[in-house]
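Since the structure is predicted, the reported quantities are computational estimates derived from the model, not experimental observations. Residue numbering restarts at 1 for every chain, and letters A, B, ... go by the order of the sequence lines.
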Number of protein chains: 2
Amino acid sequence: MSTKLEIDLDRSSPVPLYFQVAEQIAEAIRRGDLTPGSRLDNEILLADRLGLSRPTIRQAIQYLVDKGLLVRKRGVGTQVVHGQVKRSVELTSLYDDLRRAGQEPATRVLTLEPAPAEEDVAQILGVAPGAEILRLERLRYASGEPLAIMHNWLPLALVPLTAEGLEERGLYEVLRAAGVRMRVANQRIGARAATVPEAKLLAERRGAPLLTMVRTTYDDQGRAVEHGSHVYRASHYSLEVTLIER
Amino acid sequence: MSTKLEIDLDRSSPVPLYFQVAEQIAEAIRRGDLTPGSRLDNEILLADRLGLSRPTIRQAIQYLVDKGLLVRKRGVGTQVVHGQVKRSVELTSLYDDLRRAGQEPATRVLTLEPAPAEEDVAQILGVAPGAEILRLERLRYASGEPLAIMHNWLPLALVPLTAEGLEERGLYEVLRAAGVRMRVANQRIGARAATVPEAKLLAERRGAPLLTMVRTTYDDQGRAVEHGSHVYRASHYSLEVTLIER
DNA sequence: GGTGCTTATTTGTCAGGACATTCTGATGTC
DNA sequence: GACATCAGAATGTCCTGACAAATAAGCACC
């Protein structure tokens, strides 16, 4: 199976060589040039052909193995995985997900104000109880229908937020644009029946099943940057997660 | 912050050196010898002190960065993350989760029989429509209370399953013990109201909110090894997921 | 006193080589 | 014909060495 797999390298580019290789292999898989189950040339041959060292090739392949596109087996070789692996787990927001799905999302900001931190939220965000934090409440629509009620709490000094900005872009996008580098998120996903006010906001019956998600996001340094408690209309939304075991 | 951080290496052990280093650093973090925010010695110094090369040290650190325990910054150094990062995402089953939480789980096998594959399941598992596959239906209890109804479909030739085996161990444990190496899982999580038969089995009211999960698990090669459709009592269970962005 | 430049430190990337381990298939033996 | 043994091939681990890029701190200059 010696698919010749053309790879162009640009040594003057600031993009690392291993990443250039990885992207072009991934692209070949997406395009179908590399079919599931087909074997890649061995690392030494690849390195030789591209004029790179074996560690660089290994780094490229390792990157794709971590993303779940390739499988390595010692003594055998490297293969493209069978089966359609969806895109890997990412730190995305509901807004991003909806946009990717082609449904133009809309947001109504219900609350955006500083407020003293309740004890539990204060502990999660790592601030003193009673300290001022930003409280944010939004209603998210997709295709004109209400979809989710979203509560968020953020450290006050983090980033300047405006209602206008939050109605045009997702919270994550705003944070990222402001230079916040989110790295770890802890999510607890559950379900419960809608209360009367929730039902009213979401155009559901009282008692309708809601999907709930409580999430805390940490940055680079492990500092909490956002804590959110959201409810989704189960009839209109579900969450997708892909797990990859290393 | 020159925490001395003793690390013993056993060069005669078959355990890779980078892994020995990684485990002992992780252990030091767990023990509290390395406090959140503290900086590790730089890679070159570490390599020197342990008599290892820098790539080996880097591999050890990279392993822990991927697990979310450490953070690297160019020009700055490597730090232990602030904040309690729960254990990383893993391919675990409900059974494993319950056992870890100290609740002795119990299982009642309702159905365990070969059956012709419906079209949708056949496509997911990659077999011909109408081919024989194994259909499995279980009721899972925790602390004596019913918790979940679990439907699974598996390729017939995969592994011999017995009702006795499945009442003593989780499905994942049985599969793993039989040499199946699961690597990727795709989960869709949602919620809906309980139907009457579901409510009866789970000791809930009709219409009670249920957490639903549809999952397909793939092995090493990307072949589907299991497809499941489960419902959980939302009042008694929630899912936890940790995302790490690389 | 503040601003911009320089410099030291640290991780990121890359090269090339050596040996170990594991898996597959072929070969040989009983 | 079935089983054990062996050789080849591929990835896994580990080494040494070098330069690049980003960050932070100190320093000179205005």
Inset, instruction - Can you check each nucleotide of nucleotides 4-15 of chain D against protein heavy atoms at under 4.0 Å and return B for base, S for sugar-phosphate only, - for none, in 5' to 3' order? - result: ------BBBBSB

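- Defined by atom type and a distance below 3.5 Å, a donor-acceptor pair is missing between the side-chain atoms of Q24(B) and D8(B).
- Looking at heavy atoms from C-beta onward, L156(A) lies out of side-chain contact with V127(A) at the 4.5 angstrom threshold.
- For the pair I25(B)/I7(B), a side-chain contact is recorded, criterion being any heavy-atom separation below 4.5 Å from C-beta on.
- Between the side chains of H227(B) and T216(B), a donor-acceptor pair is found at a separation under 3.5 Å.
- R72(B) meets the side chain to side chain donor-acceptor pair (under 3.5 Å) test with E43(B), Q62(B); sequence neighbours excluded.
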